[in-house]
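Counting starts at 1 for both ligands and their atoms, in listed order. The chain is numbered in sequence order, starting from 1.
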Amino acid sequence: KRDGGAQHRMHRTAAPSAEDADLLQLEADLHHALARGELELHFQPQFDARTLSVVGAEALLRWRHPVHGMVRPDRFIPLAEASGLIVPIGRWVLDEACRQAQQWSALAGREIDVAVNVSARQMIDDHLPGEVAEALRRHGLAPRRLELEITEGIAVRDVDQARGLLERLHALGVGVAIDDFGVGHSSLAYLRDLPVRRFKIDRGFLRGVPADAGGARLVAAMVSMARGLEVGVVAEGVERIEQLDFLVEQGCEVVQGFLLGRPLPADDFLHRLLDDAFG
Ligand code: C2E
Ligand code: CA
Ligand code: CA
Ligand code: CA
């Protein structure tokens with residue numbers, strides 16, 4: 001079912017609202033966005049929490065709409081998921097992220113990792129592992145340098161299906177991170193058994209840290225739980241120096257957030273990398 005997206009969410013009882021019409025138009029436009037070159041990736045640096053050197057980047061999708069300007073992913077990713085367009089778009093994201101990571105590494109003279117968001121709809125597509133392998137091969141990127149970020153919700157919905165897929169990805173050598181860790185309500189028992197490389201603590205948990213003692217204890221518990229499971233930890237949404245200090249104290253390895261770097265177009269990210277190395 002390809003076109004059930006915005007239509008599906010329209011109110012059945014009331015007449016279609018202006019908001020619904022906007023969504024329908026946006027979804028129609030999205031069909032052409034990829035072919036017209038309106039999609040681009042921005043890259044948010046990820047840092048070694050202790051040395052603060054850049055270790056990688058998260059690829060974040062942007063849509064430069066000819067009329068509406070920059071459309072936020074929170075607005076169009078749900079449309080892309082509902083319509084199935086996320087599959088070709090996601091394939092492009094994967095390819096483009098691998099291409100960039102390989103190019104930066106060559107230019108910066110050291111390995112830069114890249115993290116790519118994978119939506120629920122892509123996770124039920126049997127072709128995903130093959131496409132991942134193909135993107136890595138095409139750009140000559142070592143598999144361990146690619147990380148796929150999936151949300152806890154996906155992993156929980158169908159544990160056996162998720163496990164099968166994660167095992168195929170693991171066998172390829174790519175890493176999997178559980179995005180928005182702590183937001184879902186997954187059972188730890190089952191997270192323990194999945195081949196996952198890292199937990200990515202959702203930025204919502206960091207908001208009041210460290211002043212808010214309850215929040216601080218929660219984050220500390222998540223980091224120590226990850227350590228117990230021998231899984232790495234990334235924290236996202238680091239906006240203040242006190243949050244960073246707290247995370248380093250707790251032993252969080254990788255940090256990402258506006259304090260250290262916003263998402264940047266690929267060229268700007270490269271400049272940032274080169275500044276980091278030489279100046
Ligand atoms: P996410 O995966 O949780 O990505 C992190 C979001 O937090 C990004 O928003 C990023 O710009 C923002 N962020 C990073 N650091 C900070 C900070 O210090 N403070 C605050 N307030 N925000 C911060 P963005 O780029 O708008 O992306 C929103 C969501 O859209 C992502 O959330 C992800 O779920 C989805 N998304 C983005 N790109 C893709 C993609 O290529 N594929 C899929 N399936 N989803 C994507
Ligand atoms: Ca993410
Ligand atoms: Ca997140
Ligand atoms: Ca999120």
Between [X] and ligand 1, which residue portion shows a heavy-atom distance shorter than 4.0 Å: side chain, backbone, both, or neither?
{"X": "Val93", "answer": "side chain"}
{"X": "Ser119", "answer": "both"}
{"X": "Gln44", "answer": "side chain"}
{"X": "Asp180", "answer": "side chain"}
{"X": "Arg203", "answer": "side chain"}

Would you say [X] contacts ligand 1, with heavy atoms under 4.0 Å as the rule?
{"X": "Glu236", "answer": "yes"}
{"X": "Gly90", "answer": "no"}
{"X": "Arg62", "answer": "yes"}

As an exercise, identify every atom of ligand 1 less than 4.0 angstrom from a heavy atom of [X].
{"X": "Pro263", "value": "11 (O)"}
{"X": "Gly237", "value": "16 (C), 17 (C), 18 (O)"}
{"X": "Glu58", "value": "2 (O), 4 (O)"}
{"X": "Arg72", "value": "26 (O)"}
{"X": "Asp179", "value": "2 (O)"}

With rounding to the nearest 0.5 angstrom, report the [atom1] to [atom2] distance, [X] to [Y].
{"X": "Arg99", "Y": "Trp104", "atom1": "CZ", "atom2": "CH2", "result": "9.5 Å"}
{"X": "Leu61", "Y": "Trp92", "atom1": "CG", "atom2": "CH2", "result": "6.5 Å"}
{"X": "Ser53", "Y": "Asp276", "atom1": "OG", "atom2": "CG", "result": "6.5 Å"}
{"X": "Leu26", "Y": "Leu79", "atom1": "CG", "atom2": "CG", "result": "5.5 Å"}
{"X": "Gln103", "Y": "Leu141", "atom1": "CD", "atom2": "CG", "result": "12.0 Å"}
{"X": "Leu206", "Y": "Glu242", "atom1": "CG", "atom2": "CD", "result": "12.0 Å"}

Lys/Arg N to Asp/Glu carboxylate O, [X] vs [Y], below 4.0 Å:
{"X": "Glu81", "Y": "Arg121", "value": "no"}
{"X": "Lys200", "Y": "Glu147", "value": "no"}
{"X": "Arg168", "Y": "Asp126", "value": "yes"}

Any nitrogen or oxygen of [X], side chain or backbone, less than 3.5 Å from one on ligand 1?
{"X": "Leu259", "answer": "no"}
{"X": "Glu81", "answer": "no"}
{"X": "Gly257", "answer": "no"}

### Task
Please work out the angle at the Ca ion (ligand 2) defined by atom OD1 of Asn117 on one side and atom OD2 of Asp179 on the other, rounded to 10°.
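OD1 of Asn117 and OD2 of Asp179 make an angle of 90° at the Ca ion (ligand 2), to the nearest 10°.
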
### Test: Arg272 cationic atom under 6.0 Å from Phe269 six-membered ring centre, within 45° of axis
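That pair does not qualify as a cation-pi contact.
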
### Query
Passes salt bridge (charged side-chain N to carboxylate O under 4.0 Å, His left out), Arg36 versus Asp29? Steps please.
CA-CA 10 Å; Arg36 292 180 182 163; Asp29 293 347; 6.0 Å; no

### Query
Going by heavy atoms in the side chains, are Met123 and Leu165 under 4.5 Å from each other?
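Met123 reaches Leu165 side chain to side chain.
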
### Message
Could you check whether any side-chain heavy atom of Arg62 comes within less than 4.5 Å of a side-chain heavy atom of Pro73, counting everything from C-beta outward?
### Response
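A side-chain contact under 4.5 Å exists here.
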
Which is closest to [atom] by heavy-atom distance: [options]?
{"atom": "atom 45 (N) of ligand 1", "options": "Leu206, Thr151, Ile77", "result": "Ile77"}
{"atom": "atom 38 (N) of ligand 1", "options": "Leu41, Leu61, Val238, Ile89", "result": "Leu61"}
{"atom": "atom 20 (C) of ligand 1", "options": "Glu239, Arg262, Gln243, Glu96", "result": "Glu239"}
{"atom": "atom 24 (P) of ligand 1", "options": "Ala235, Ala59, Ala97, Pro73", "result": "Pro73"}

#### Entry: For Trp63, the option from His68, Glu40, Glu38 that meets side-chain hydrogen bond (donor to acceptor under 3.5 Å, both in side chains)
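Testing Trp63 for a side-chain hydrogen bond (donor to acceptor under 3.5 Å, both in side chains) against His68, Glu40, Glu38 leaves exactly one candidate, Glu38.
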
### Query
Glu149: which N/O/S atom is nearest the Ca ion (ligand 2)?
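Atom name of the closest N, O or S in Glu149: OE1.
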
### Task
Among the N/O/S atoms of Glu58, select the one at the shortest distance from the Ca ion (ligand 2) and name it.
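Of all N, O or S atoms belonging to Glu58, OE2 is the one nearest the Ca ion (ligand 2).
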
